[in-house]
Amino acid sequence: MLDSEAVKFEKDILKLIPAPKQPLKRVSRRIGIHTSTAGGVENAAERAYRLGCGTFQIFSSSPRQWKPYELVPHQCEVMSNLRQKYDLKPLVIHANYLINPSAINPEFLQKSVRAFRAELERALALCADYLVLHPGSFRGMTREEGLARVVDSLSAAADGLELRKRGLTILIENTAGAEFSLGGSFEQVGVLIHFLKESVPVAACIDTCHTHVSGYDLTTKAGFRETMQRLDDAVGLKNVPVWHCNDAKAARGSKLDRHEHIGKGNIGLEPFRWLLNHPTTANAAFIAETPIDEPLDDQRNVQALMRLVRG
């Protein structure tokens, strides 16, 4: 449950959790959560700090509406100052769910390219480090044609924005593997990165729930090792700066994207312990996108991840 569905719980977080009287103890991994921007995008940094986060993710506009949210310079300045004050990094922005860079309909495709360019512009204004995108649906064409269209669309959207110079990287997120969706395998994510890297700074965001329901085994030691090796072969673990840490309500291979609280779903606690303490993930950010069924569920999920970190 994200954004508007979560606001009813998150909008009062500044009242529910008072500011710490002394700096919060940090673990050796950057752990955070998708944070509400209720009351202004800049308020997300204060919420993230009070939840004990070392990193956080936001929507820069409504994730299910085409009408963009207009940022003003003051909001961007406040956000940057709070991030520096609280040592919150990286800042990750998740792109609008409506964007489909592989759409077959010309009008919808053009709308998606315009919307993604606006996402890039807002991310640059907020001095974000990463912008996460689902690669979309290839319905009406072959998968190969869909992948090629994503490359063309993202390159067009980023044209002239000097993303490398300004420190913003696009992250292709793996998906749950539903019919016609792109990114349901590590290989598809790797293909997109390979063909995009000449035109835009690009890497991967790997979602644990999506990985599980698309058919990869995270729940046994042998399966986890094999999955990490397959990810390294297809994408390169060095190219995964952000992990979405979500347990799964659905079974492995179900293709159903239903997030669950950390340790309460079909993945369980141990795989998150393996992931957080894996030697190749030491410099990555780990961000939960877990449900908010009760007040302070977000804080509980952040703490659940932090307790798994050794040292």
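Position 1 is the first residue of the sequence; numbering continues from there. These numbers were taken from a predicted model, which means no experiment stands behind them.
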Peer 1: Would you call Arg300-Asp297 a salt bridge at under 4.0 Å N-O?
Peer 2: yes

Peer 1: Between Phe186 and Tyr216, does the ring centre distance come in under 6.0 Å?
Peer 2: yes

Peer 1: Before we go on, tell me: are the rings of Phe59 and Tyr97 under 6.0 Å apart, centre to centre?
Peer 2: yes

Peer 1: Whether Arg149 and Glu145 form a salt bridge (side-chain N of Lys/Arg under 4.0 Å from carboxylate O of Asp/Glu) is what I want to check.
Peer 2: no

Peer 1: With distance as the sole test, does Thr211 use its side chain to make a donor-acceptor pair with the main-chain N or O of Cys209 at under 3.5 Å?
Peer 2: no

Peer 1: Between Lys111 and Glu107 (salt bridge meaning N to carboxylate O under 4.0 Å), is one present in this structure?
Peer 2: no

Peer 1: Is a side-chain N or O of Asp232 found less than 3.5 angstrom from the main chain of Met228, in a donor-acceptor match?
Peer 2: no

Peer 1: Given side chains that start at C-beta, do those of Val202 and Leu171 come closer than 4.5 Å, heavy atoms only?
Peer 2: no

Peer 1: Regarding Asp129 and Arg83, does a basic nitrogen lie under 4.0 Å from an acidic carboxylate oxygen?
Peer 2: yes

Peer 1: Taking the six-membered ring for Trp, are the ring centroids of His244 and His34 within less than 6.0 Å of each other?
Peer 2: no

Peer 1: Output yes when a side-chain donor or acceptor of Asn246 lies under 3.5 Å from a complementary backbone atom of Thr208, and no otherwise.
Peer 2: no

Peer 1: Are the ring centres of His259 and His210 closer than 6.0 Å?
Peer 2: yes

Peer 1: Quick one: CG on Leu218 to CZ on Phe272, what's the gap to the nearest 0.5 Å?
Peer 2: 8.0 Å

